[in-house]
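Please read the structure below before turning to the comments.
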Amino acid sequence: MNLAFSVRSLSKVYQMGTEEVRALDGIDLDVPEGDYLAIMGPSGSGKSTLLNLLGCLDRSSGGSHEVNGTEVTKLSDNELSKVRGESIGFVFQSYNLIPYLNVLDNIRMPRAYLRSSKDKLATALALAQRIGLGDRVNHRPQELSGGQQQRVGIARSLSGNPAFVLADEPTGNLDSKTTEEILLLLDELNRDGKTIVLVTHEDEVAQRASRIVRMKDGKIVEDIRNKEPVGPESSRLEPIPDSVFSWRQRIVRFWQNLVKTALLSIWTHPMRSLLTGLGVFIGVVSVVWLLAIGEGIAEQAEGEIMALGANNLILSSKKPPEEERRNKGKYFYSYGITSNDLEKISKSIPFLTAIYPTRELNNRTVFTKAGKTRAELLGCMPNYQNLHNLEVHKGRFLSDLDNQQKAEVCVLATGLAKTLFPFGDSIGQTINIAGNLYIVVGEVSPRSELKDSDGLGFKELFEDNVYLPLQTVWSKVFDYYYRGYDGSPLVSKITLTLKDPQKLMTVAQMIRDLLGKEHEMEDYQVTVPLELMEQAEKAKLTFVGLMGLVAGISLLVGGIGIMNIMLATVTERTREIGIRRALGARKGDITLQFLIETMALTGLGGILGIAAGFLCEPAYKLGLGLIEKFTPSIFESFPPSMKNMTPELVIWSLPLVLITAVLTGVLFGIYPARKAASMNPVDALRHQS
């Protein structure tokens, strides 16, 4: 007759400080297939230690140990897990069911760890029917009585179709009626050919066995056989080779075992899961929102720069330091570009296709019969309309003849016209500027602002402009500075257009050289919008880098939180880890399970963070509205690019932050997962939650 178990001189020694405790001392025992063996003895006799060694849950200190003819003392951890999963079924005194799995999933769990067995639903349902719980397969352990839970434990031990069943005090927590039901079930299993080894303190339970082994002080002191073994189980299925299963079947089993279990664990503890993923959620939201806001600001700034023209450059007057001006004498209270500079540039600088000079006088009072208001006087040439695509709403724009004749005519921005002439048409009406009357000949439609704090050397407010002929401004409008260093009228800004953008830098340097010879102070500024665009792109990249740093810090904090909670989870679920290891789970299975849980948590936090990212625009506008309502002074201090921009989601950032969030779960989940997997199955099973 084949032997189910065979041990020779088996010993187990525990090191307790400086002392050695010999739990087993040279045990010799043969258990034939189909035997029904009861192990008895007082506490500390070594019976549970022997059962753990027979079940490959622990390693012996010496001796040999064969399971179904295979020496197991030298097997690796994965090989021992395979032996437990394929050959041994465990029934525990405290049932040891997974609390968040229902009856059916608890029964099926051992099959999920078998590399060479199909996990058929019909098999689990048949086992549930056999133990009398066919109508309760969707109930969880806490919804069952103690006897019902032990029945589930027995069905689970049979799920992998093992040759042997090891039961540790299977009736210790049950009443007499339920005890009888469980013993009848074990009797039935033995009659069917299952080899059963159970540990018990109760003589009436032991008497049901075919053989009783009594232990004391780590040794077998009595071995009595009441009846012969029934013989091996004839109906036991042989393991199916791995090659039988397709990769699709393996993926299905992977999903059923690990992913489903991980998601159920997360669902069972919603508050803990929420707090675990919160750090990742905050990190993802902060990155998505900040990138969206940065993209919106960058797009607005780029739009403003492009509105100046990619083939333009801007020469503007710049105020030198006051002390430098005083040192030059009274004539140098004036500063900036002059009409003589304009003439020299137009004659000596090549590659130019258009020149747009302007003289801007800010905050001037404009009178009409209806009242007065402050406005910006903008002296320009007729071609200024083309520079900024100004649309004439009524009347006409300025003409070359107006400029040549220094005509007292003007064109108003529509908003300013409504302010000055609220009850009628402005065309043909007159406005008073510093005592001179100017006839309104046209209105231009409103358009967006172009603002800059000296970065571009210009400042345009298109809603309150009074457009005047440049020659008229020079000759008839009071100008505090009036004349420049050379005695000619001042120019605020000159926009120069080139046919070939490749010549921009060359022309800019030629203008700097020309003005450097004429001006004793650097009271001018040359700006190339295309160059600013490149700077804006660099600033954008810098901003993205800073956002990456913010993301890293946020996800680091979230990752530390994940590691902390997962370490606590490992401690809390130590017994569950022991159960899974006893049922055949390898270290890799445990590691992967906890990694999937952390990846699911961080992935869920990342997905929710991305979903919240789409709320950036309404949230931003709501925030600005609240700031404007409750702290208007702070709102006014914001630059136009912040007040007028619309956040733009950076699409490429969405998958990137999600992948980063999941990788954070892997990075910070690997240590807790490996800690869980490294636990000794016996120690894990003894853990008290």
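Residue numbers run from 1 in the order of the sequence given.
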Worksheet entry | Donor-acceptor pair, side chain of Trp289 and main chain of Ala612, under 3.5 angstrom | yes

Item to complete: Taking atom types as modelled, find out whether Asn312 and Thr497 have a side-chain donor-acceptor pair closer than 3.5 angstrom.
Response: yes

Discussion item. Could you check whether Glu408 and Thr472, counting side-chain N and O atoms only, form a donor-acceptor pair closer than 3.5 Å?
Written reply: no

Discussion item. Distance check, rounded to the nearest 0.5 Å: Ser653 atom OG versus Ile610 atom CD1?
Written reply: 8.0 Å

Worksheet item: Distance from Thr430 atom OG1 to Asn436 atom CG, nearest 0.5 Å?
Response: 11.5 Å

Practice prompt. Could you check whether the rings of Tyr524 and His519 sit parallel, tilted or perpendicular, using 30° and 60° as the cut-offs?
Written response: perpendicular

Worksheet item: Any side-chain donor paired with an acceptor under 3.5 Å for Glu648 and Thr646?
Response: no

Worksheet entry | Heavy atoms from other residues, nucleotides or ligands near CD1 of Ile560 exceed 12 (cutoff 6.0 Å) | yes

Fill in: Lys/Arg N to Asp/Glu carboxylate O, Asp486 vs Lys344, below 4.0 Å
no

Worksheet item: Would the number of heavy atoms belonging to other residues, nucleotides or ligands and lying under 6.0 Å from CD of Glu518 be above 12?
Response: yes

Fill in: Residues, nucleotides or ligands: over 12 heavy atoms within 6.0 Å of Lys476 NZ
yes

Item to complete: Decide yes or no on side chain to side chain contact (heavy atoms under 4.5 Å, CB included) for Phe351 and Lys499, but give the supporting numbers first.
Response: CA-CA 7 Å; Phe351 313 121; Lys499 184 176 182 180; over 6 Å; no

Discussion item. I'd like to know if the side chain of Gln471 and the backbone of Asn403 have a donor-acceptor N/O pair within less than 3.5 Å.
Written reply: no

Worksheet item: Could you state the interatomic distance from CE (Met566) to OG1 (Thr569), rounded to the nearest 0.5 Å?
Response: 5.0 Å

Worksheet item: Under 3.5 Å, is there a donor-acceptor pair between the side chain of Thr338 and the main chain of Ser488?
Response: no

Enumerate, atom names and distances included, each donor-acceptor pair closer than 3.5 Å involving a side-chain atom of residues 624-636, sequence neighbours excluded.
from, atom 1, to, atom 2, distance (Å)
Thr631, OG1, Ile627, O, 2.9

Worksheet item: Between Asp400 and Gln404, does any side-chain donor sit less than 3.5 Å from a side-chain acceptor?
Response: no

Worksheet item: Under 3.5 Å, side chain of Thr598 to main-chain N/O of Gly665, donor-acceptor pair present?
Response: yes

Worksheet item: Does Lys503 NZ have over 12 foreign heavy atoms under 6.0 Å away?
Response: no

Fill in: Salt-bridge present (Lys394, Asp425; N to O < 4.0 Å)
yes

